[in-house]
4 protein chains.
Amino acid sequence: MVRVLIVSASPREYGYVRRASEFARRVATEVMGEEASWIDLYNYRIHPCVGCVSDNVKACYRPCPIDDDWERIADMVEGSDALILVTPIYWYNVSTPMKCFIDRLTTFENAIFVEGRSRLEGKVAAFAAIGNDVGAIAVIQNLMIVLNSMGAVIPPWALAYHTSEESPLRSEKFVLDMANVVSCSVLMARALKGLGIPREWYRADREFVERVTKIAEEVDREFDEMLYGS
Amino acid sequence: MVRVLIVSASPREYGYVRRASEFARRVATEVMGEEASWIDLYNYRIHPCVGCVSDNVKACYRPCPIDDDWERIADMVEGSDALILVTPIYWYNVSTPMKCFIDRLTTFENAIFVEGRSRLEGKVAAFAAIGNDVGAIAVIQNLMIVLNSMGAVIPPWALAYHTSEESPLRSEKFVLDMANVVSCSVLMARALKGLGIPREWYRADREFVERVTKIAEEVDREFDEMLYGS
Amino acid sequence: MVRVLIVSASPREYGYVRRASEFARRVATEVMGEEASWIDLYNYRIHPCVGCVSDNVKACYRPCPIDDDWERIADMVEGSDALILVTPIYWYNVSTPMKCFIDRLTTFENAIFVEGRSRLEGKVAAFAAIGNDVGAIAVIQNLMIVLNSMGAVIPPWALAYHTSEESPLRSEKFVLDMANVVSCSVLMARALKGLGIPREWYRADREFVERVTKIAEEVDREFDEMLYGS
Amino acid sequence: MVRVLIVSASPREYGYVRRASEFARRVATEVMGEEASWIDLYNYRIHPCVGCVSDNVKACYRPCPIDDDWERIADMVEGSDALILVTPIYWYNVSTPMKCFIDRLTTFENAIFVEGRSRLEGKVAAFAAIGNDVGAIAVIQNLMIVLNSMGAVIPPWALAYHTSEESPLRSEKFVLDMANVVSCSVLMARALKGLGIPREWYRADREFVERVTKIAEEVDREFDEMLYGS
């Protein structure tokens, strides 16, 4: 069994970032048959990192001394095999709470200096960025190199993006890429747990396309109903 | 008269980012003879942007509806001719409050859709990034393209960086580059106000080097005294 | 009088990058009334930089010792007040000849170590990136920080991008942004030559929009005719 | 058995980039016991991509129609399980021949549209960037997201960098990070071939450190002798 954690950071309760996140959760559970949770950082209180590590390299460690919801989030990260970050594109970069999340993950990476190993080492990480306009690659390249620098594995095809005003769940390309972000993350996490080595990664076979397209339509409709009423 | 606003975002009260910021302030006033203020965002309450603009393009405008210290900061931005951002390097990116500041500046840029013009258009912007390790260019290139996309002018030599464990104010290269970030910003702001066109930009003449080196030493010493006692 | 040099780097003779470049040239001459030239680097032989500067900091200087067309291009750069780089997006980055151009510009920047000043200092630089898909900001942020690090001024609104399969010259947004890249570059070059200080930068007034739209249509049609016959 | 291909792109025959590359080759063979080759792109004729794919999506495929040394390089890429790219930092970006290599790899990635699958899918990719000054992360984040977008797996700790004027092979940090770039790439390639799942990735145990430090010293000395005579 592989556990997937989807972390988004959008203020818009029924917006595209959250739709894409719920879509990812369902692909992980319904298509891949794994455990998956999704949290949005705007529902948590997380304060900016105060850089304890600059004074004492061993001071940055779990539990983080800052008094907020970090440790609840950190428990979920700790318990996951694959982490999928879904961010809106704000000024060619992540949203503020996603930046905050990244900085606070130092409590995992900096375990190097306390217990000899990053607590993210060997976890799988993958990414999605959603906006009305350009900037997706600028955002994702930062997230990718950061997570890799913390010890995470980046599976093939670990990025999905959407940069137009329509719902990403109505874009064939986004739906398939996002489903593969989930699928490749799960395949990689399984491989690293001894649960089988994939011979192929990106899936575009008809069965897969039909299932994920149906899920995308369902999620989009449900969110529309929550937003506009049915 | 040109007004310079230096905005830093470091949690470390006597750290390198704040030393560099105070150095910049003194260069602007003592060497360039202009007005300058410095604020650090960790001393203000600023909440993450909630993306009103996605619902209504005219909703994002001053005053920002979020109830925090933004409008005080915004008044200072509004009153400045040149904006110098000084950030620590956290995971090859800005610190969280600096990211928050950038997102909230949308209230300036988005004036395009309310009054027909960005309130940052024609202001001058320049940058410094300070850390123990790599990532300075990754950080600054994001800040530079963002401020330019909001309408700011980027003067020549608008970047200074320091990526080692020693004080930046003891690095000849950083001190000279940072002093030129200030000097070139002032020269550009003056030119755009009709106060004279520079024939040269980067200064490395002995008089300038000596003055700014002396200021750097003073600031470093004062901060050491505040940190360690005298 | 201000001289604008447009440098593109696309292998496709009647492709979008070259259309955008010719459009920029006509805006500079017909709308702004300045001198402008356009060259495409695929029409020149320019070899990769061999890094002489690492052996001897004074060795990298004009004329560059590499025997190719560089010095002809360099003369044009030297003679320009504003440089507009137009690149296709190849793997979230510039095309190879544009990268080569950037590296060879070291002969200008490195004049710092020979004659005390970069030969790009105070010139104006602006950018456009064109592709079918994402990556525009990743490309332009690199070009912007590089040219600024060589001493160039970046005027307000110094970027235009287009990331879809249609002609950029049929996109209202691209046409207006690209025209403003040219216009703001000219306004800045004029200001720095004492030819007047702009009170406003981005133009979206009807007269301007109509003129540049007409030019865009003409260029697009002419290129279609050259490509398909009339 | 796992095959590692190291690809560098530096004009300096006995320079730091090539030293790091030869070091990587020896770690792969002597420490990890695998097959490894190293090529430097400055020893090959490779012309800029001409973008055939824009006219006909199936036209970009092996063999590439451009008449140069690409197919010899491509055979080596095809035959490798792990690809390690070692680049100098030229203007916060790769060198021109490395950019050319990336663009020509489209013949592998674009197999998606001819045979249904990228020929880089599931290969392992990792990176090193070496320069006198900043820019390492800006370079590597581009390479990492590009290779991942072509289907490559990025193993944990897939980056090493060196940004000072001393030899990287005399930097403890670089030597250990570069050795781990090789080691993690091999571990990942083995895992994906069913040759065992690593329980730990980054190695800093004394035995490993001593072996790779000794190799680094040997390589550095050999290159010094070739450069200066013995």
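A note on names: the letters A, B, ... follow the listed sequences, proteins ahead of strands, and every chain is numbered from 1.
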| message | If you count every heavy atom of other residues, nucleotides or ligands that lies below 6.0 Å from E207(B) atom CD, does the total exceed 12? | response | no

| field | Whether over 12 other heavy atoms sit under 6.0 Å from E78(C) CD | value |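 Result for CD/E78(C): enclosed.
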
Counting only non-hydrogen atoms closer than 4.5 Å, does [X] touch chain C with its backbone (N, CA, C, O), its side chain (CB onward), both, or neither?
X: I197(B); value: side chain
X: A152(B); value: backbone
X: M150(B); value: backbone

| query | Under a 4.5 Å heavy-atom cutoff, which of N148(C), V153(C), I112(C) has the most pairs with chain B? | reply | N148(C)

| task | Specify which of G194(C), P155(C), G116(C) makes the most heavy-atom pairs with chain B at under 4.5 Å. | result |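 Result: the option with the highest number of such pairs is P155(C).
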
| Atom group of K193(C) that falls short of 4.5 Å from chain B, counting heavy atoms | backbone

Kindly compute the distance separating [atom1] ([X]) from [atom2] ([Y]), expressed to the nearest 0.5 Å.
X: I140(B); Y: M144(C); atom1: CD1; atom2: CE; answer: 14.0 Å
X: R199(B); Y: L192(C); atom1: CZ; atom2: CG; answer: 14.0 Å
X: E121(B); Y: W157(C); atom1: CD; atom2: CH2; answer: 6.0 Å
X: I145(B); Y: L159(C); atom1: CD1; atom2: CG; answer: 5.0 Å

| field | Nearest atoms (heavy-atom pairs only) where P156(C) meets G122(B) | value |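 Where P156(C) meets G122(B) most closely, the heavy atoms are CG-N, 4.3 Å.
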
